[in-house]
Amino acid sequence: AEQRSKDEAEAAAKLKKQQEAERLAAERARIEAEAAAKLKEQQALERMAAKQKARDEAEAAAKLKIQQEAERLAAEQRARDKAEAAAKLKTQQEAERLVAKQRERDEAAATLKKQQELERLAAEQWARDEAES
């Protein structure tokens, strides 16, 4: 009976030890499964972050390209406006020069007409004076 009691105690101790080992193995498997799930989730988050970063960089590059194109077009427009203004100024100056030249011609013609009128009057006066004397 003593041997049987001893055997039973040993068997109970072995069973207890085996159950503890199984519990520890199950706990270890649960922890490893959680760690694997967390790792998988972290990797998924990192992939999503990398994709978002790539989208952000592409968007920034597109915005920069649009801004540079807008600046180029604005510079071209400024150059066209400047050239147009210069052409208008040149045209205006040419028109003013032509008007001044025409005014000089008109003044010269008026002076000549007055001079001819004075010469005609002087000739008439001379002819009257000759006729009287």
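FYI, side chains are in, hydrogens and waters are out, and symmetry mates aren't considered; it's all heavy atoms of this structure.
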Is atom CD of E69 surrounded by more than 12 heavy atoms (other residues, nucleotides or ligands) closer than 6.0 Å? yes

Q102 versus L98: any side-chain heavy-atom pair under 4.5 Å? no

Under 4.5 Å between any side-chain heavy atoms of E107 and R103, yes or no? yes

Short N-O contact, E10 and K6, less than 4.0 angstrom: no

Side-chain ion pair, E8 and R4, N-O less than 4.0 Å: yes

Applying salt bridge (Lys or Arg N to Asp or Glu O under 4.0 Å), which residue pairs with at least one partner in residues 85-99 are found, sequence neighbours left out? E84-K88, E94-R97

Applying salt bridge (Lys or Arg N to Asp or Glu O under 4.0 Å), which residue pairs with at least one partner in residues 116-126 are found, sequence neighbours left out? E117-R120, R120-E124

As an exercise, state the distance from CD of E41 to CD of E46, rounded to the nearest 0.5 Å. 11.0 Å

Atom pair CD/CD1 of Q68 and I66 - distance to nearest 0.5 Å: 10.5 Å

Among E20, K14, E22, find the one that has a side-chain contact (heavy atoms from CB on, under 4.5 Å) with Q18. E22

The side-chain contact (heavy atoms from CB on, under 4.5 Å) partner of R30 among R28, E27, E32 is E27

side-chain contact (heavy atoms from CB on, under 4.5 Å) partners of E76, counting only residues at least two apart: R72, L73, R80

